[in-house]
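Throughout, numbering of the chain's residues begins at 1 and tracks the sequence. All values below come from the heavy atoms of this structure, side chains included, with hydrogens, waters and symmetry mates left out. Numbering of ligands and ligand atoms starts at 1, following listing order. Just so it is clear, the structure is predicted and the values come from calculations on it, not from any experiment.
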Amino acid sequence: MGIIVCKFGGTSTANADMFQQIRKILRASPDRRYVVLSAPGGAVKVTDLLYRYWQKRAEGRDGSAERDAVALRFRKLCADLGVSGMEAAICRELDGVRTAAHAASRGEYLCARVFSAWTGIPFVDAAELVRFDPDGALQTRQTLARFRAMARRLPRAVIPGFYGSDSQGSIVTFPRNGSDITGALAAAGTGASLYENWSDVPGLMSADPALDPHAQRIPSISYRGMRKMSAAGAKVLHPDSLAPVEDARIPTRLCQTTHPEAPGTWISG
Ligand code: ASP
């Protein structure tokens, strides 16, 4: 078929069982070659802990509870997966944080490092791929060129979502839930024929299922229609993730990690 880029959200990376599920999904199609991961989520989101950790440090308060909670989360993930040798990286990354963005990005960074160590799929740091201006604006052309170069070099890769760097090497993050944007850029840059966005919902719903028990899955929608749904409050996909794939004429499929055989929602045209 061609290259498929898969992005997995925080509930899909929440624990070792979900990591197993991701690997099963990747094994089901050899076209799923590039994987973008969010930081582990679930009831407590690693990214929230990291922001709190940084906030406390910046205010001169003790942030060790948050730091240790994140370290424990990754230690448990490694132990459950049988991954060894990550302890030094966990401590180095959490103790060496320099800015709020740098701190927040460590969730994605460590998640992708653990996944790479576990699967043997090469790790590529998003700091080397996603480029921002000094004022924080994404440099789309440069970013796409870097993904293109990566794809020429590596047939497969696991890439942390949510962040990149500026020309000084400082980490810059997208807005919250921005790993969707990394995934879309990866799809456009690698010349993918499909961008799969995997999460904990069955696809785009006609209404919020928490509020409306009659909410229905929408099987397909145009990018234009999806932008309208986003503007009306649909949260399934970050709105800034639409342009890179729409411009490159790549369809997006919204899929549910726990039900990989379900059709999901197709966004195209
Ligand atoms: N981990 C980040 C967040 O919680 C980014 C993402 O998951 O897309 O917002």
Engineer: Out of curiosity, is Glu108 lining ligand 1, as in a heavy atom under 4.0 Å away?
Structural biologist: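 Within the 4.0 Å threshold, so yes.
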Engineer: Who's the nearest protein heavy-atom neighbour of atom 6 (C) of ligand 1, and how far?
Structural biologist: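 In this structure, atom 6 (C) of ligand 1 has Ser179 OG, 3.3 Å as its nearest protein heavy atom.
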Engineer: Is the distance between the ring centroids of Phe123 and Tyr109 under 6.0 Å?
Structural biologist: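 Yes, the ring centres sit under 6.0 Å apart.
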Engineer: State yes or no: are the ring centers of Phe174 and Phe132 separated by less than 6.0 Å?
Structural biologist: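 Yes: the rings meet the under 6.0 Å criterion.
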Engineer: Can you list the ligand 1 atoms lying under 4.0 Å from a non-hydrogen atom of Ser38?
Structural biologist: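 By the 4.0 Å cutoff, the relevant atoms are 6 (C), 7 (O), 8 (O).
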Engineer: Short list, please: which atoms of ligand 1 are under 4.0 Å from a heavy atom of Asn177?
Structural biologist: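 Counting from 1, the qualifying ligand atoms are 3 (C), 5 (C), 6 (C), 8 (O), 9 (O).
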Engineer: Got more than 12 heavy atoms from elsewhere within 6.0 Å of CZ, Arg98?
Structural biologist: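 Incorrect, the count does not exceed 12.
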Engineer: What protein heavy atom sits nearest atom 3 (C) of ligand 1, and how far off is it?
Structural biologist: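 Minimum-distance protein heavy atom for atom 3 (C) of ligand 1 reads Arg176 NE, 3.3 Å.
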Engineer: Can you say whether the rings of Phe19 and Trp118 are parallel (under 30°), tilted (30 to 60°) or perpendicular (over 60°)?
Structural biologist: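 The rings of Phe19 and Trp118 sit tilted, inter-plane angle from 30° to 60°.
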Engineer: Does the cation-pi check pass for Arg106 over Tyr163, that is, NZ or CZ under 6.0 Å from the six-membered ring centre and within 45° of its axis?
Structural biologist: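 Relative to the ring axis of Tyr163, which defines the angle, Arg106 lies inside both limits.
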Engineer: Can you find a non-hydrogen atom of Gly178 under 4.0 Å from ligand 1?
Structural biologist: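 Heavy atoms of Gly178 do come under 4.0 Å of ligand 1.
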Engineer: Could you say whether the N/O atoms of Thr47 and ligand 1 ever approach to under 3.5 Å?
Structural biologist: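 Between Thr47 and ligand 1 (N or O atoms, distance only) the closest approach is under 3.5 Å.
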Engineer: Can you list the residues that meet the side chain to side chain donor-acceptor pair (under 3.5 Å) rule with Thr257, with sequence neighbours excluded?
Structural biologist: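 Only Ser12 meet the side chain to side chain donor-acceptor pair (under 3.5 Å) criterion with Thr257.
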